[in-house]
Amino acid sequence: MIVVMRPYATREEIQRVENRLQELGFNTHPIYGEVKTVIGAIGDKSRIEPFSLSNLPGVEAIVPILKPYKLVGRELKKEPSVVDVGGGVRFGGEELVVIAGPCAIEGEEQIYQVARAVKAAGAKVLRGGAFKPRSSPYSFQGLQEEGLKLLYQVKKDLGMQVITEVVDTRDVELVSRYSDILQIGARNMQNFRLLSECGKTKKPVLLKRGLSSTIEEWLMAAEYVMTEGDSRVILCERGIRTFETATRNTMDINAIPVVKELSHLPIIADPSHGTGNWKYVNATARAFIAAGADGLIIEVHPDPEHAASDGPQSLKPEVFDELMQVLKPIAQAIGRKL
Ligand code: PEP
Ligand code: MN
C-alpha cells in the first residue's frame, strides 16, 4: 500500500508514520517531495486494519495497491477459469450453460415434467429449491430432504446435472450428497461460515450476489469460498435493491463486464429473480448473454399460477423453449455457442 502524506507534512510526522509501519513489520520506502511525501509500504496486511493509519497526524490517504481479493482476482490468475460441474458441463468456456427449473421442488410429477421440458429445450442443469429462504416464515419452506431425493432421482433418470440451494451450515453435508452444485442465495452471500463450509466440500458453488451488495463485497464473499482450497465458484448476478419498484429488483448489467475485468471466475445471470416478472425475463436474458454472461439461471414451472413459490416470475415451458431458440443467434454473434 501507499501512505500519502498531507501537503507540507513535517519530517516528524513522516518519521512517526514510518516507525509505526516498521513496528507492524512493513518495509518502508518514502519518496520525499517538495510539497508532498508518499511512503510505499511492503508487507503483510493481514494483522492490521490499514485504514487505522489514517488517524496518524499528517496522513492524507491510504491507497491499497493490490485488490483485497487474491484468489478470485485477475492479478494472480490472468486467464478466465472454466468451472467443470461434472457430466460434461462447463461454465466459462465457449459454450453457454443454461440452468432451468422450478423455484421449488413441489412433488415428483412437477419436477419430472419441468426437467423433461427444460432438457428438451437445451438446459444442461436442472434447478429446484428444497430448502427455501422465504421472506415470511409462513410461506412454503420447501420439501427439504424429500425434495433433494426427488432431484437426485431425476438427475439419475434423465442424465442432467442438478443444483439446489443450501441455506444453513447444518445442511451442507446433506445437500452435497444429492446436488452437483451448491447454490448460495442472495440472502446468505455474507454468511461467512456458510461460505467456508461450502468451500470445504470442494463442490462447485454458485454464489448469488447479495440484495444490496457491491461487486467488491461479492468478490470478497467468493474469496471466502476459494480460500478453502480447490473450490470452484460461479458468480450469479440476480438483481439488486434500488429505488425502483416497477420490478422486484434491478438487474445490474454493468456487473458482467466489471466482474469479467476484475475476476477470472465465470458469471451467469438470473433474470427471474432480477425482474420478478416472467414478461421481462426473455428481454433481460437476451441482454445479459449479449453482454458476455457465461450462462443463465431461469425459473420454469408447468403451471405458474399454482406454483408454491415465485410463480409470477416463472416461465411456462413453451416460453422457455422460445427463449432458448432466440438466444442461439445472439450467442453466435458474440462468438459463443448454445
Ligand atoms: C432462488 O434461486 O430461488 C433464490 C431464492 O434466489 P435468490 O437467492 O437470488 O433470491
Ligand atoms: Mn425463486
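When a ligand or atom number is given, it counts from 1 through the structure's own listing order. In what follows, residues are counted from 1 in the order of the sequence shown.
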Element-labelled atoms of ligand 1 that are located less than 4.0 Å from some non-hydrogen atom of [X]:
X	result
Q183	1 (C), 2 (O)
C103	3 (O)
R238	7 (P), 9 (O), 10 (O)
G185	8 (O)
K132	1 (C), 3 (O)

Is the cationic atom of R11 (NZ for Lys, CZ for Arg) positioned less than 6.0 Å from the six-membered ring centroid of Y32 and within 45 degrees of its normal?
-> yes

Near the Mn ion (ligand 2), which protein N/O/S atoms fall under 2.8 Å?
-> C103 SG, H273 NE2, E299 OE2, D310 OD2

Do the side chain of [X] and the main chain of [Y] share a donor and acceptor less than 3.5 angstrom apart?
X	Y	result
Q110	A104	yes
Q141	S139	yes
T214	E217	yes
K36	V4	no

Starting from atom 6 (O) of ligand 1, which protein heavy atom do you reach first, and at what distance in Å?
-> K208 NZ, 2.9 Å

The closest protein heavy-atom partner of atom 5 (C) of ligand 1 is E165 OE1, 3.7 Å

Applying side-chain hydrogen bond (donor to acceptor under 3.5 Å, both in side chains) to Q313 and not counting sequence neighbours gives R248, H273, E299, D310

Contact between R209 and ligand 1, counting heavy atoms under 4.0 Å?
-> no

